[in-house]
Amino acid sequence: MATMRDVARRAGVSAKTVSRVFNHDLHVSLATRERVEVALRELNYVPSTLSTTFRSGRAPVMGVAVPDIADPFFGALAKAVEALAAVHGMSVVITSLGEDPAREPAIVQSLLRQSLSGLVIAPIAGDQSYLGVWAGRTQLVFVDRRALGVVADSFTEDDHAGARAATGHLVEHGHVRIGFLGDSTAIPTSRGRLVGYRAALLDAAIEYDESLVALGALDRASAAAAFSALERLEEPPTAIFASNARVTMSLVPVLRSDRRLALAGFGDFPMADMLEPSVTVIDQNPVALGTLAAQRILDRLAHPRRRYRRHTVLPVELVERASCFPAGRRS
């Protein structure tokens, strides 16, 4: 099997130059690049993953840690990381963090012990200071939620603006009894969306009613229970803002019933546009989040001294569909 030194001798360059060409360094001249690429093809050179790990102290692997890989949002995000990593000859290890914040440190640190080159993480705990000892040796990029207790890059969505737009859209359809259905305000995304929901009510001079806020919707069963609590109110809501895609999907049976309930959700999901009625959503673009996070890891590995913006907030977009209709009328 040919080695990097064999390629260097064939091309008449140093082994370091071969490495730079193989890793797509743009500072290699075109003529030199062509000679090295010819030598790579002629010798059928394949880099040794093991030797790469020994030289850098890191495996050519990215980790992805998200609350639930079965969630359409996080599944699409992880797939985007995989796609970009594959282009650069890296593999990806994915894990779900679950619902218990206390388990996050153990799960994440178990992943990091594999000497990853970088980790994309959507945390569930309220403190990531345990990652301080890892930040100097592994590239950490947070997605969906910012890091707390550790300095790291992050890419998040505009939760406040998205929730405000979705709730405002329901208000524009004449709804004043708008329920908020979510998981937990201990989660930063949900907290920001609740603030956006309240801001839209304030914009419309609608008094905030705490009884219309139902939390604890962590899965289909608990979401159904939370929604039932709203239905039992003396004046039940005529519309619902669902704070994430899992909650929205749990309401699909309600949409298909005869109940007059308008719905807007935060986060698109597969077949949302094919349901009857189709579901109005705030589109978060998880593919962009995953791609940006993976690219940031690659950039920091290639240019460790370069300065980058630590926190980037991506805009979100209201996608209007049939599930929002005027109060008092079924679509």
Side-chain angles (χ1 to χ4, degrees), residues 24 49 58-99 104 107-108 110-112 114-124 138-147 152-159 162 183 187-190 218-220 242-250 252 265-275 278-279 281-302 312-317 319:
H24 310 289
T49 296
R58 297 183 301 263
V61 178
M62 285 190 199
V64 178
V66 295
D68 183 2
I69 194 62
D71 183 307
F73 173 78
F74 292 117
L77 189 154
K79 188 174 182 180
V81 174
E82 282 185 312
L84 187 58
V87 171
H88 293 269
M90 300 182 75
S91 56
V92 175
V93 178
I94 303 172
T95 189
S96 291
L97 297 173
E99 300 172 0
E104 179 184 301
I107 295 172
V108 173
S110 175
L111 196 60
L112 287 168
Q114 300 181 41
S115 299
L116 305 176
S117 290
L119 174 67
V120 177
I121 175 173
I124 60 172
T138 306
Q139 301 301 327
L140 304 174
V141 181
F142 285 69
V143 288
D144 195 45
R145 303 156 192 184
R146 293 182 66 164
D153 297 327
S154 64
F155 293 92
T156 63
E157 316 89 353
D158 197 335
D159 295 308
D183 41 23
I187 300 173
T189 50
S190 296
L218 300 172
D219 53 30
R220 185 167 182 173
S243 69
N244 61 55
R246 291 194 315 277
V247 173
T248 308
M249 289 188 288
S250 73
V252 168
F266 204 111
D268 208 353
F269 58 93
M271 303 296 288
D273 59 333
M274 302 296 290
L275 294 171
S278 55
V279 184
V281 297
I282 295 296
D283 187 9
Q284 299 169 268
N285 199 348
V287 172
L289 275 180
T291 302
L292 287 168
Q295 186 61 58
R296 177 59 55 86
I297 288 174
L298 294 168
D299 289 344
R300 284 202 177 274
L301 289 172
T312 302
V313 180
L314 277 63
V316 293
E317 179 184 3
V319 179

Note to self: Quick one, Ser190 with Asp183, criterion side-chain hydrogen bond (donor to acceptor under 3.5 Å, both in side chains). Give me CA distance, side-chain angles, the key distance, then yes/no.
What the structure shows: CA-CA 7 Å; Ser190 296; Asp183 41 23; 2.3 Å; yes
Next item on the list: Decide side chain to side chain contact (heavy atoms under 4.5 Å, CB included) for Val141 and Phe155; before the verdict, give the C-alpha distance in whole Å, the side-chain angles of both, and the deciding distance to 0.1 Å.
Entry: CA-CA 8 Å; Val141 181; Phe155 293 92; 3.8 Å; yes
Next item on the list: Begin with the C-alpha distance, continue with both residues' side-chain angles, and end with the deciding distance and a verdict on side chain to side chain contact (heavy atoms under 4.5 Å, CB included) for Val279 and Met249.
Entry: CA-CA 10 Å; Val279 184; Met249 289 188 288; over 6 Å; no
Next item on the list: Please lay out, stage by stage, how Val247 and Phe266 fare under the test side chain to side chain contact (heavy atoms under 4.5 Å, CB included).
Entry: CA-CA 9 Å; Val247 173; Phe266 204 111; over 6 Å; no
Check: Would Glu82 and Ile94 count as a side chain to side chain contact (heavy atoms under 4.5 Å, CB included) if you check the C-alpha gap in whole Å, the side-chain angles of each, and the deciding distance to 0.1 Å?
Finding: CA-CA 9 Å; Glu82 282 185 312; Ile94 303 172; 3.9 Å; yes
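The shortest distance between side-chain heavy atoms of Pro123 and Phe142 falls below 4.5 Å. Inter-residue side-chain proximity for Ile121 and Val108 is flagged as met; some heavy-atom pair is nearer than 4.5 Å. You'll find the side chain of Val61 stays beyond 4.5 Å of the side chain of Val92, heavy atoms only. Side-chain contact between Val93 and Thr95 is absent, with no heavy atoms from C-beta onward closer than 4.5 Å.
Smallest separation of non-hydrogen atoms from Asp144 and Leu289: N-CD1, 4.4 Å. Considering all non-hydrogen atoms of both residues, Val143 and Ala293 come closest at CG1-CB, 3.6 Å. Val81 and Val64 get closest at one heavy-atom pair: CG1-CG2, 3.7 Å. Summarising the geometry of Leu298 relative to Met90, their closest heavy-atom pair is CD2-SD, 3.7 Å, with the distance given to 0.1 Å. In plain terms, the two heavy atoms of Gly267 and Val281 that are nearest each other are O-CG1, 3.7 Å. Among all heavy-atom pairs drawn from Thr138 and Leu119, the shortest one is CG2-N, 4.2 Å.
With hydrogens and angles ignored, the 3.5 Å screen pairs no side-chain donor or acceptor of Arg145 with any backbone N or O of Pro188. Between the side chain of Ser96 and the backbone N or O of Ile69, at least one donor-acceptor pair lies under 3.5 Å. With Glu104 contributing its side chain and Ile124 its backbone, the two residues share a donor-acceptor pair below 3.5 Å. Thr248 contributes a side-chain N or O that, together with a main-chain N or O of Asn244, makes up a donor-acceptor pair within less than 3.5 Å.
Atom CD of residue Gln139 and atom CG of residue Asp299 lie 10.0 Å apart, to the nearest 0.5 angstrom. From Ser117, atom OG reaches atom CD1 of Ile297 across 8.5 Å, with rounding to the nearest 0.5 Å. Note that the CG atom of Asp68 and the CG atom of Leu97 stand 10.0 Å from one another [nearest 0.5 Å]. Distance CG/Leu116 to CE/Met62: 10.5 Å, rounded to 0.5 Å. The structure places CD1 of Ile187 at 8.5 Å from CD of Glu99, a figure rounded to the nearest 0.5 Å. We find the OG-CD1 distance between Ser243 and Ile282 to be 12.5 Å, quoted to the nearest 0.5 Å.
Around the CZ atom of Arg300, the shell of radius 6.0 Å holds more than 12 heavy atoms that belong to other residues, nucleotides or ligands.
Using modelled atom types, one finds no donor on one side chain facing an acceptor on the other under 3.5 Å when comparing Thr189 with Asp159.
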